[in-house]
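Here's the structure we're looking at; comments come further down.
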Amino acid sequence: MPMQPWFTDAKLGIFVHWGIYAVDGVQESWSFYDDIVPYDRYMSQLDRFTGARYDPKAWAALFARAGARYAVLTSRHHDGVALWDTEYGDLGLGRDYLTGYADALREEGLKVGLYYSHSDWSHPDYASTRKPGRPPEQEDNRYSEVAAEREDLDAWERFLAYRDGQIRELASRHRPDLMWFDGEWERSEEQWRIPELAALVRSYAPDVVFNARMLSEGDYATPEQGAPIEPPAGPWELCLTINDSWGYRHDDHHHKSLAQLIRYFTETIGGGGNLLLDVGPREDGTIPRPQVERLEGLGEWIRRHADAVYGTVRGLPAGHHYGPSTLSADGRTLYLTVFDVPRAEIGLRGLVTPVRRVTVLGTGTALGHRVVGGLHEAVGVLWIDPPAAADLDPYATVLAVELDGELELYRGSGRF
């Protein structure tokens, strides 16, 4: 399937981890899997989850103000609790939280993404088999697998029927633009029946985009939390938390600063990826104020520098400019990000294409520039005059380098 162009030009998506784990502020699913919280206590949050102030239109408006072009909501995490009125399984919240979400996003012009975990550590038929190749006597966790002698392939078939039933509900009701799968590590592609699962989703949403956790059917790479030093070659997305937690945690106040988030964002899009920035609403559906403030601040920065964000492709390889960059789709304008106050001229190395002019994006101020040095095919360095203090952005300044032709770079080692 060809990659959907909306995804590669989206640049920013919002990840939403919302579930019963927000009631007590415990880690989503893993808290009982790792025996940090007893299973019964974890599940007691079902009766205390209210969604009393859930306003999907407010969510969608906030995400649009942040500059996002899509969002992904956890329809069902590893704990098996569904955010919609499913007819499959016993763990629901008695209310459909997904329809309002999908409708609100589309009203704002955003693409609809749904997260769904392959694994379900609560389903009675899930821990009925094991991934091929594991030592037969090894049993990592009672919620996820059994020893080889206790495998029950009939139970596994029942689990897959349950999984397919839920996926059919999600795909037929919401026609998602993106399905973000997780939990793939616990079974093989053959056990998950990935091609059949993909065909099921596409039967309702032919243009759906899958993340890499759909294995051979995945459309893009999904590095998590750790920003890649060498960006993936194809489409990709960095999923990142605003603080240290995916879901709401009462005790997690370690929020990344707006300056840090802008760095993550510019470095990600400079490498050709999207940033999927996560928020964790409280159990009542409200998003904590520090997260709202950071989304709005990021959106303000994006609006000031929209030309360097949307309609661009990955920028210069490392070594040409000390900072991230993007390139206009026609290859004729480079956007250089400068994080710190320049103490001297800004150097751009290896640029073969002549430069027509350089301006500060957002203010339009023209900057002087000149090429110094070079020998034969090894081109000189383009030196750009530093912007005045009045032209500097408080978080990241962007310079638009307009080229007299399509970008051409020198990548050699010079004359020996």
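Everything quoted here is computed from the prediction, not taken from an experiment.
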Self-check item: Side chain proximity check, Leu336 to Val398, heavy atoms < 4.5 angstrom
Solution: no
Quiz item: Parallel, tilted or perpendicular for His250 and Tyr248, by the 30°/60° rule?
Solution: perpendicular
Quiz prompt | Under 3.5 Å side-chain donor-acceptor pair for Thr241 and Asp278 | solution = no
Quiz item: Do Arg304 and Tyr395 meet the cation-pi criteria used here (NZ or CZ under 6.0 Å from the six-membered ring centre, within 45° of the axis)?
Solution: no
Quiz item: Looking at Glu217 and Arg202, does any basic side-chain N land under 4.0 Å from a carboxylate oxygen?
Solution: yes
Quiz item: Parallel, tilted or perpendicular for His17 and Phe15, by the 30°/60° rule?
Solution: perpendicular
Quiz item: Do you know which two heavy atoms are closest between Leu399 and Leu367, and how far apart they sit?
Solution: CD2-CD1, 3.8 Å
Quiz item: Do the side-chain N and O atoms of Gln27 and Ser245 include a donor-acceptor pair separated by under 3.5 angstrom?
Solution: no
Exercise. Fit a plane to each ring of His78 and Trp30, take the angle between them on a 0 to 90° scale, and name the class: parallel (under 30°), tilted (30 to 60°) or perpendicular (over 60°).
Key: perpendicular
Quiz item: Cation over ring, Arg168 on Tyr204, under 6.0 Å and within 45°?
Solution: no
Quiz item: Looking at residues at least two apart in the chain, or sitting in another chain, which of them share a ring pair (Phe, Tyr, Trp, His ring centres under 6.0 Å) with His369?
Solution: none
Quiz prompt | His118: ring pair (Phe, Tyr, Trp, His ring centres under 6.0 Å) partners, not counting sequence neighbours | solution = Phe181, Trp192
Quiz item: Is it the case that Arg187 places NZ or CZ above or below the six-membered ring of Tyr126, under 6.0 angstrom from the centre and within 45 degrees of the axis?
Solution: yes
Exercise. Please test Trp180 against Phe210 for ring pair (Phe, Tyr, Trp, His ring centres under 6.0 Å), starting from the C-alpha separation and ending with a verdict.
Key: CA-CA 6 Å; Trp180 209 103; Phe210 293 127; over 10 Å; no
Self-check item: Results of side-chain hydrogen bond (donor to acceptor under 3.5 Å, both in side chains) for Asp125 - residues two or more places apart only
Solution: Arg158
Practice problem: Taking the side chain as every heavy atom from C-beta outward, state whether Val379 and Val371 have any pair of such atoms under 4.5 Å apart. | Solution: no
Practice problem: Specify whether Tyr143 and Tyr33 have parallel, tilted or perpendicular ring planes, treating 30° as the upper limit for parallel and 60° as the lower limit for perpendicular. | Solution: tilted
Self-check item: Test: Arg106 and Asp177 ion pair at under 4.0 Å
Solution: yes
